[in-house]
Amino acid sequence: MFVKKQIETANKLREAGIIPVLVLEDVDSGLRLCEVLERAGLTAAEITYRTKAAPEVIREAKKRFPNLFLGAGTVLNTDHLHQAFDLGASFAVAPGFNPTIVGEAVKKGYAFSPGIATPSELEQAFEMGVRMFKFFPAEALGGVAMIKNIIAPYRHLGVHFMPTGGVTAANAADWLAVPEIVCVGGTWLGRPDDVKAGNWDKIEKDGRAAIELLASVRK
Ligand code: 3PG
(Lines give C-alpha, C1' and ligand atoms only; values in the text may rest on other atoms or scores of the structure.)
Protein backbone atom coordinates (compact mmCIF):
# COMPACT_ATOMS: atom_id res chain seq x y z
CA MET A 1 0.00 0.00 0.00
CA PHE A 2 2.73 2.46 1.00
CA VAL A 3 4.97 1.61 -1.96
CA LYS A 4 2.02 1.84 -4.36
CA LYS A 5 1.19 5.29 -2.96
CA GLN A 6 4.79 6.33 -3.47
CA ILE A 7 4.66 5.44 -7.15
CA GLU A 8 1.26 7.08 -7.62
CA THR A 9 2.57 10.23 -5.98
CA ALA A 10 5.68 10.23 -8.15
CA ASN A 11 3.43 10.03 -11.22
CA LYS A 12 1.25 12.91 -10.03
CA LEU A 13 4.29 15.02 -9.21
CA ARG A 14 5.72 14.29 -12.66
CA GLU A 15 2.51 15.63 -14.21
CA ALA A 16 2.92 18.83 -12.18
CA GLY A 17 6.66 19.15 -12.88
CA ILE A 18 7.24 22.32 -10.90
CA ILE A 19 6.09 22.61 -7.29
CA PRO A 20 5.97 26.01 -5.62
CA VAL A 21 7.18 25.65 -2.02
CA LEU A 22 5.01 28.09 -0.11
CA VAL A 23 5.69 29.82 3.19
CA LEU A 24 2.37 31.47 4.05
CA GLU A 25 1.77 33.98 6.80
CA ASP A 26 -2.02 34.12 6.64
CA VAL A 27 -4.96 32.31 5.12
CA ASP A 28 -6.25 35.09 2.87
CA SER A 29 -2.97 35.77 1.10
CA GLY A 30 -2.28 32.03 1.01
CA LEU A 31 -5.51 31.36 -0.83
CA ARG A 32 -4.96 34.29 -3.16
CA LEU A 33 -1.53 32.90 -3.95
CA CYS A 34 -2.93 29.45 -4.73
CA GLU A 35 -5.48 31.08 -7.03
CA VAL A 36 -2.82 33.06 -8.88
CA LEU A 37 -0.48 30.09 -9.24
CA GLU A 38 -3.28 27.87 -10.50
CA ARG A 39 -4.29 30.53 -13.01
CA ALA A 40 -0.69 30.63 -14.22
CA GLY A 41 -0.98 26.92 -15.00
CA LEU A 42 0.69 25.29 -12.01
CA THR A 43 -1.11 22.16 -10.86
CA ALA A 44 0.55 21.41 -7.52
CA ALA A 45 1.81 23.25 -4.47
CA GLU A 46 3.59 22.46 -1.22
CA ILE A 47 2.36 24.37 1.82
CA THR A 48 5.08 24.32 4.43
CA TYR A 49 4.56 23.84 8.15
CA ARG A 50 6.84 26.79 8.83
CA THR A 51 4.03 29.12 9.80
CA LYS A 52 1.01 28.89 12.07
CA ALA A 53 -1.27 29.50 9.10
CA ALA A 54 -0.22 26.29 7.30
CA PRO A 55 -2.97 23.89 8.52
CA GLU A 56 -5.75 26.39 7.88
CA VAL A 57 -4.45 27.14 4.40
CA ILE A 58 -4.26 23.43 3.60
CA ARG A 59 -7.87 22.94 4.73
CA GLU A 60 -9.25 25.95 2.85
CA ALA A 61 -7.14 25.52 -0.27
CA LYS A 62 -8.26 21.92 -0.52
CA LYS A 63 -11.89 23.10 -0.58
CA ARG A 64 -11.37 26.08 -2.87
CA PHE A 65 -8.95 24.48 -5.34
CA PRO A 66 -9.95 20.83 -5.64
CA ASN A 67 -7.89 20.38 -8.81
CA LEU A 68 -4.65 21.46 -7.18
CA PHE A 69 -2.41 18.57 -6.09
CA LEU A 70 -1.80 19.95 -2.66
CA GLY A 71 0.95 18.81 -0.32
CA ALA A 72 2.25 19.67 3.11
CA GLY A 73 5.93 20.53 3.46
CA THR A 74 8.42 20.79 6.30
CA VAL A 75 6.59 17.98 8.11
CA LEU A 76 8.88 17.45 11.07
CA ASN A 77 6.74 15.38 13.43
CA THR A 78 3.97 12.81 13.34
CA ASP A 79 1.37 15.29 14.67
CA HIS A 80 1.79 17.44 11.59
CA LEU A 81 1.85 14.33 9.40
CA HIS A 82 -1.55 13.20 10.73
CA GLN A 83 -2.96 16.68 10.65
CA ALA A 84 -1.89 17.33 7.06
CA PHE A 85 -3.61 14.20 5.74
CA ASP A 86 -6.66 14.72 7.96
CA LEU A 87 -7.01 18.18 6.43
CA GLY A 88 -6.88 16.76 2.93
CA ALA A 89 -3.25 17.01 1.83
CA SER A 90 -2.55 14.68 -1.10
CA PHE A 91 1.11 14.28 -0.23
CA ALA A 92 3.64 15.44 2.35
CA VAL A 93 7.38 15.99 2.32
CA ALA A 94 10.15 16.81 4.74
CA PRO A 95 13.67 18.11 4.32
CA GLY A 96 15.20 15.13 6.12
CA PHE A 97 14.77 11.40 6.68
CA ASN A 98 13.12 10.79 10.05
CA PRO A 99 12.41 7.03 10.47
CA THR A 100 9.67 7.74 13.04
CA ILE A 101 7.71 9.81 10.56
CA VAL A 102 8.29 7.39 7.68
CA GLY A 103 7.24 4.50 9.94
CA GLU A 104 3.98 6.24 10.76
CA ALA A 105 3.37 7.04 7.10
CA VAL A 106 3.94 3.38 6.22
CA LYS A 107 1.45 2.31 8.90
CA LYS A 108 -1.19 4.74 7.64
CA GLY A 109 -0.46 4.45 3.93
CA TYR A 110 0.27 8.18 3.65
CA ALA A 111 2.03 9.55 0.59
CA PHE A 112 5.00 10.91 2.51
CA SER A 113 8.38 11.61 0.94
CA PRO A 114 11.33 12.20 3.24
CA GLY A 115 14.35 14.19 2.19
CA ILE A 116 17.64 12.44 1.61
CA ALA A 117 21.11 13.82 1.06
CA THR A 118 23.25 10.66 0.95
CA PRO A 119 23.18 7.08 -0.36
CA SER A 120 22.94 5.80 3.23
CA GLU A 121 19.77 7.77 3.89
CA LEU A 122 18.34 6.69 0.57
CA GLU A 123 18.94 3.03 1.39
CA GLN A 124 17.36 3.28 4.82
CA ALA A 125 14.29 5.07 3.48
CA PHE A 126 14.09 2.69 0.51
CA GLU A 127 14.08 -0.29 2.87
CA MET A 128 11.02 1.20 4.57
CA GLY A 129 9.24 1.49 1.22
CA VAL A 130 10.09 5.00 0.06
CA ARG A 131 10.35 5.34 -3.72
CA MET A 132 9.67 9.07 -4.03
CA PHE A 133 12.39 11.10 -2.30
CA LYS A 134 12.96 14.74 -1.72
CA PHE A 135 16.61 15.66 -2.42
CA PHE A 136 17.53 18.52 -0.13
CA PRO A 137 19.38 20.90 -0.11
CA ALA A 138 19.85 20.15 -3.78
CA GLU A 139 22.23 22.84 -5.03
CA ALA A 140 24.38 22.98 -1.90
CA LEU A 141 24.79 19.20 -1.94
CA GLY A 142 26.51 19.37 -5.30
CA GLY A 143 23.70 20.02 -7.73
CA VAL A 144 22.77 17.90 -10.72
CA ALA A 145 26.15 16.14 -10.80
CA MET A 146 25.64 14.94 -7.23
CA ILE A 147 22.15 13.55 -7.79
CA LYS A 148 23.22 11.79 -10.98
CA ASN A 149 25.97 10.05 -9.01
CA ILE A 150 23.58 9.10 -6.23
CA ILE A 151 20.99 7.73 -8.66
CA ALA A 152 23.41 5.54 -10.64
CA PRO A 153 23.54 2.51 -8.28
CA TYR A 154 19.80 2.63 -7.50
CA ARG A 155 18.29 3.41 -10.91
CA HIS A 156 17.33 -0.23 -11.53
CA LEU A 157 15.24 -0.22 -8.33
CA GLY A 158 12.90 2.54 -9.48
CA VAL A 159 13.64 5.70 -7.51
CA HIS A 160 12.08 9.11 -8.04
CA PHE A 161 13.21 12.52 -6.84
CA MET A 162 12.05 16.03 -6.15
CA PRO A 163 15.09 18.28 -5.65
CA THR A 164 14.58 21.44 -3.62
CA GLY A 165 16.92 23.96 -2.06
CA GLY A 166 18.54 26.39 -4.45
CA VAL A 167 16.44 25.32 -7.42
CA THR A 168 15.34 28.37 -9.43
CA ALA A 169 14.06 29.32 -12.87
CA ALA A 170 17.73 29.55 -13.91
CA ASN A 171 18.63 25.91 -13.20
CA ALA A 172 15.28 24.04 -13.11
CA ALA A 173 15.69 22.78 -16.70
CA ASP A 174 19.02 21.09 -15.85
CA TRP A 175 17.39 19.23 -12.97
CA LEU A 176 14.31 18.27 -14.97
CA ALA A 177 16.49 16.77 -17.70
CA VAL A 178 17.38 13.88 -15.36
CA PRO A 179 14.80 11.10 -15.99
CA GLU A 180 14.44 10.08 -12.32
CA ILE A 181 13.67 13.67 -11.33
CA VAL A 182 9.90 13.85 -11.53
CA CYS A 183 9.62 17.48 -10.48
CA VAL A 184 11.51 20.35 -8.92
CA GLY A 185 10.39 22.47 -6.00
CA GLY A 186 11.33 25.89 -4.81
CA THR A 187 10.38 29.08 -3.12
CA TRP A 188 11.12 31.20 -6.17
CA LEU A 189 7.41 31.07 -7.10
CA GLY A 190 5.26 33.02 -4.68
CA ARG A 191 8.05 34.36 -2.51
CA PRO A 192 6.89 35.69 0.89
CA ASP A 193 8.16 39.21 0.08
CA ASP A 194 6.18 39.27 -3.19
CA VAL A 195 3.08 37.99 -1.40
CA LYS A 196 3.48 40.59 1.33
CA ALA A 197 3.86 43.36 -1.24
CA GLY A 198 0.86 42.05 -3.20
CA ASN A 199 2.91 41.56 -6.37
CA TRP A 200 0.27 39.24 -7.83
CA ASP A 201 0.98 40.13 -11.45
CA LYS A 202 4.66 39.37 -11.02
CA ILE A 203 3.86 36.08 -9.29
CA GLU A 204 1.52 35.09 -12.09
CA LYS A 205 4.12 36.06 -14.68
CA ASP A 206 6.78 33.98 -12.90
CA GLY A 207 4.30 31.10 -12.76
CA ARG A 208 3.61 31.30 -16.49
CA ALA A 209 7.34 31.43 -17.19
CA ALA A 210 7.77 28.27 -15.10
CA ILE A 211 5.10 26.49 -17.13
CA GLU A 212 6.75 27.56 -20.38
CA LEU A 213 10.06 26.30 -19.09
CA LEU A 214 8.49 22.97 -18.20
CA ALA A 215 6.93 22.67 -21.64
CA SER A 216 10.26 23.37 -23.30
CA VAL A 217 12.03 20.67 -21.23
CA ARG A 218 9.34 18.11 -21.94
CA LYS A 219 8.68 18.77 -25.61
C1 3PG B 1 12.40 23.51 0.78
O2 3PG B 1 11.79 23.47 1.83
O3 3PG B 1 12.27 22.65 -0.06
C4 3PG B 1 13.39 24.57 0.56
O5 3PG B 1 13.46 25.46 1.60
C6 3PG B 1 13.21 25.29 -0.72
O7 3PG B 1 14.43 25.87 -0.98
P8 3PG B 1 14.58 27.24 -1.76
O9 3PG B 1 14.10 28.29 -0.82
O10 3PG B 1 16.06 27.36 -2.04
O11 3PG B 1 13.76 27.15 -3.00
Side-chain angles (χ1 to χ4, degrees), residues 9-10 12-14 16-25 30 33-34 36-37 40 42 44-55 57-58 61 68-77 80-81 83-84 89-98 101-102 105 111-118 121-122 125 130 132-147 150 160-176 178 180-197 199 202-203 206-207 209-211 213-214 217:
T9 307
K12 289 290 286 184
L13 289 173
R14 191 183 288 279
I18 294 179
I19 319 293
V21 174
L22 308 180
V23 181
L24 303 168
E25 294 301 336
L33 180 57
C34 289
V36 169
L37 291 172
L42 291 144
E46 172 191 325
I47 295 171
T48 60
Y49 265 92
R50 292 182 213 176
T51 60
K52 284 203 180 71
V57 181
I58 293 172
L68 215 49
F69 191 58
L70 206 65
T74 322
V75 172
L76 304 181
N77 57 60
H80 285 168
L81 180 78
Q83 186 184 56
S90 297
F91 70 98
V93 296
F97 167 55
N98 179 333
I101 301 179
V102 176
F112 174 70
S113 292
I116 62 105
T118 65
E121 291 163 359
L122 184 152
V130 177
M132 174 69 227
F133 304 84
K134 192 157 185 173
F135 181 64
F136 176 83
E139 278 293 320
L141 285 170
V144 177
M146 173 71 164
I147 202 164
I150 290 188
H160 313 276
F161 297 89
M162 167 186 177
T164 70
V167 180
T168 65
N171 59 23
D174 298 336
W175 288 99
L176 288 165
V178 179
E180 289 78 11
I181 294 180
V182 295
C183 65
V184 295
T187 56
W188 90 90
L189 291 168
R191 309 193 74 88
D193 49 350
D194 278 331
V195 172
K196 207 167 172 190
N199 294 335
K202 173 185 180 285
I203 294 170
D206 289 348
I211 291 301
L213 182 149
L214 185 67
V217 177

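Bear in mind that the values here come from a model prediction, so they are computed numbers and not experimental data. In what follows, every heavy atom counts, from backbone to side chain, and hydrogens, waters and symmetry copies are set aside. Residues: numbered from 1 along the sequence shown. In listed order, ligands and their atoms are each counted from 1.
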Colleague: Output all residues satisfying salt bridge (charged side-chain N to carboxylate O under 4.0 Å, His left out) with E121, sequence neighbours left out; order by chain, then residue number.
Modeller: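 With sequence neighbours excluded, E121 shows a salt bridge (charged side-chain N to carboxylate O under 4.0 Å, His left out) to no residue whatsoever.
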Colleague: If a pair satisfies side-chain hydrogen bond (donor to acceptor under 3.5 Å, both in side chains) and one of its residues is in residues 181-193, list it, with sequence neighbours excluded.
Modeller: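 Listed once each, the pairs would be none.
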Colleague: Write 'none' if nothing qualifies; otherwise put on separate lines each N/O atom of ligand 1 with a protein N/O atom under 3.5 Å away and their distance to 0.1 Å.
Modeller:
residue, atom, partner, partner atom, Å
ligand 1, 2 (O), R50, NH2, 2.3
ligand 1, 3 (O), K134, NZ, 3.1
ligand 1, 3 (O), T164, OG1, 2.6
ligand 1, 5 (O), R50, NH2, 3.2
ligand 1, 7 (O), G165, N, 3.4
ligand 1, 9 (O), T187, OG1, 2.5
ligand 1, 10 (O), G166, N, 2.7
ligand 1, 11 (O), T187, N, 2.9
ligand 1, 11 (O), T187, OG1, 3.2

Colleague: By salt bridge (charged side-chain N to carboxylate O under 4.0 Å, His left out), which residues pair with K202, not counting sequence neighbours?
Modeller: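 If we apply the salt bridge (charged side-chain N to carboxylate O under 4.0 Å, His left out) test to K202, skipping adjacent residues, the hits are D194, D206.
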Colleague: Within a strict 4.5 Å, meaning less than it, do heavy atoms of the N98 and F112 side chains meet?
Modeller: no
Colleague: Can you confirm whether L213 sits close enough to I18 that some side-chain heavy atom of one is under 4.5 Å from a side-chain heavy atom of the other?
Modeller: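 Yes. Closest side-chain heavy atoms under 4.5 Å.
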Colleague: Side chains of I150 and F135: closer than 4.5 Å at any heavy-atom pair?
Modeller: yes
